[in-house]
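Step one of this worksheet: look at the structure below.
Remember, it's 1-based here, ligands and their atoms both numbered in the order they're listed.
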Amino acid sequence: MRRWVEENAALCQPQAVHWCDGTEAEFQTLTQRAIAEGVLIGLNQKELPGCFLHRSQANDTARTEHCTYICTSTQEMAGPTNNWMDPEKAYSLLRTHFSASMRQRTMYVVPFLMGHPGSPLAKVGVELTDSLYVVLNMRIMTRMGHVALQELRGRNTFTRCLHSVGNYDPQHRYICHFPQDNTIWSYGSGYGGNALLGKKCLALRIGSFLGQQEGWLAEHMLIMAITDPKGAITYLTGAFPSACGKTNLAMLEPPAQFKKAGWKVTTLGDDIAWMYVDKERRLRALNPESGYFGVVPGTNRKTNPNAMEILSHDSIFTNVALLPDGQVWWEGKDGIPPAACLDWMGKPWTPQSNRKAAHPNSRFTAPLTHNPALNERWNDPAGVAVSAIILGGRRSQTVPLIVEAFDWRHGVYLGATLGSETTAAAAGQVGLVRRDPMAMLPFCGYHMGRYFAHWLNISDRMHPEPRIFFVNWFRRDENGKFLWPGFGENLRILEWILKRCKKAVQARRTPLGWMPYPEDIDLQGLEMNRAELEKALSINKEEWIEEALAQGEFLNQMGNELPAELKQQHEELLHRLHSP
Ligand code: SAT
Ligand code: MN
């Protein structure tokens, strides 16, 4: 590792090299340095103790998927859904960019651990970066410093992560993954998913590649626990594309009468799940991260009270608006908009300004332990046994509120064909339906067809398999009104899921899968009647034949790597849709 650091220091030519130890004292020192360098702005320490604001470059506010590459020895290994670059070409191109890129800057050496100390699944990475913002965020999002070096002892490998913001030029931005070398080189961006290399780059792209070889799953999933009034705890994981409410679902606050009856929801993770099959043949999930990097806009006491608590102290805000009194504001916060503030770029803003004050992809970074509803097993290296997997997308039409897969294979088909409208979490147009299998389209580090096969195969080792469900909280009526209230009320759907897991409720067979009888969803206390629920659950066959054809077209891109089982699932779906 030392040799590798020296080599890269010789390449990037920083004026200093700082080895991070991950201590609180170091965090304080580096925070002060970040303020002095203008990387962080101190906030009102009375109202928001330990909180700071970071404003990114205006052109560096989201993941840039078109600059993200999987650099495997053949293009075929990366598959049809990834950008590919020849590794030699990528190394040589990026070497020219990294060359002297840290002149007059400090290179921070950030050892970090994804997963729990002592866990066989845990992975050690070392990120070399010239961004203090990255260092401070890595300290929250990963187990950083001494603990990672400790883990490195006795291992023969670590993920080599090299990062420089360069001059933030989007024309020269590259997020390159070399899974065969266990290496990540990221240049030209300081944004979370592009620059905190433990997160999407290691825990998902490199992770999924390793998972396929080693027989486990690295997934873009939340992990949550639901305690019912009898005290029984059920663990669920859930895959949703970025900015589709994963964090809100993971931290769900039960509606008042559910709370009174004894329902409780606790969180293990809000973004990434590593899952493996244990000796008892059960699927177990753990969260390799140690913090949240959550979307801020829309967060308030009603939509996510736990997140409001989490970000109320010792957290880093990115690209929110700054109030005159040193507090922060964003669209969808409780209360009325401020008369005046500084927007996410630091420009004066009033409600009359014809633009958002906070960036739609503005974020907070805070430790897991801030969460008042943190599940007590969050730090258990064995993870938790998963009873159900929930998949979902953002679809204003066509896709019903809830469907249960007939079996594991059908569930894999539902995941493989998941469609969702694009959001501000990635650069590009917002609101277009795109296929995002298992919400992993931007994060799968190898051929997507082989990833489907891996999902199908892993069930051979499981007994029983978790049940798989598909939800859509975002369906709207002809006037554009949401058909389902969402947020805490989603527990009403989760309750049905739990009953299905316990075989405590019947379901009706539909062409799409098992669906609830409307009377089995508890609507008490909602301003919503059965007819409206039926609308949220309705299936329009014509729309669905079109949808199924679009799914088939997407699957065909996998060519010879499309597992025969999924082809068959597709044909069976069409057959069911065409049956009277
Ligand atoms: O990629 S990030 O981790 O920054 C956020 C997301 O898109 O899920
Ligand atoms: Mn995510």
Can you tell me if K246 has a non-hydrogen atom under 4.0 Å from ligand 1? no

Which ligand 1 atoms are under 4.0 Å away from a heavy-atom of S242? 6 (C), 7 (O), 8 (O)

Quick check on the 6.0 Å ring-centre criterion: do W329 and W349 meet it? yes

Any sub-3.5 Å donor-acceptor pair from H447's side-chain atoms to G449's backbone N or O? yes

Please could you name the atoms of ligand 1 that A425 approaches to less than 4.0 Å, counting only its heavy atoms? 7 (O)

Determine, using ring centers only, whether F487 and W473 are less than 6.0 Å apart. no

So if I count the atoms of ligand 1 from 1 in the order they appear, which ones are less than 4.0 Å from some heavy atom of Y191? 2 (S), 4 (O), 5 (C)

Steps toward ring pair (Phe, Tyr, Trp, His ring centres under 6.0 Å) verdict (W185, F98): CA-CA 9 Å; W185 280 16; F98 277 114; 5.5 Å; yes

Taking only heavy atoms of F293, which atoms of ligand 1 are found under 4.0 Å from at least one of them? 4 (O)

G192 N/O under 3.5 Å from ligand 1 N/O: no

Is the backbone N or O of N194 less than 3.5 Å from a side-chain atom of S189, with the two atoms forming a donor-acceptor pair by type? no

Looking only at protein heavy atoms, what sits closest to atom 2 (S) of ligand 1 is K200 NZ, 3.5 Å

With a distance cut-off below 6.0 Å to the six-membered ring centre and an angular limit of 45° from the axis, does K246 pair with F240 as a cation-pi contact? no

If you count the atoms of ligand 1 from 1 in the order shown, which ones are under 4.0 Å from a heavy atom of K199? 3 (O)

Has H370 got a side-chain atom pairing as donor or acceptor with N306's backbone, closer than 3.5 angstrom? no

Tightest non-hydrogen contact, residues A439 and L418, listed as N-CD1, 4.2 Å

Charged tip of R394 within 45° of F474 ring normal and under 6.0 Å: yes

Near the Mn ion (ligand 2), which protein N/O/S atoms are found at less than 2.8 Å? K200 NZ, H220 NE2, D271 OD1

On the ring face of F452, is R450 found with NZ or CZ under 6.0 Å from the centre and within 45° of the axis? no

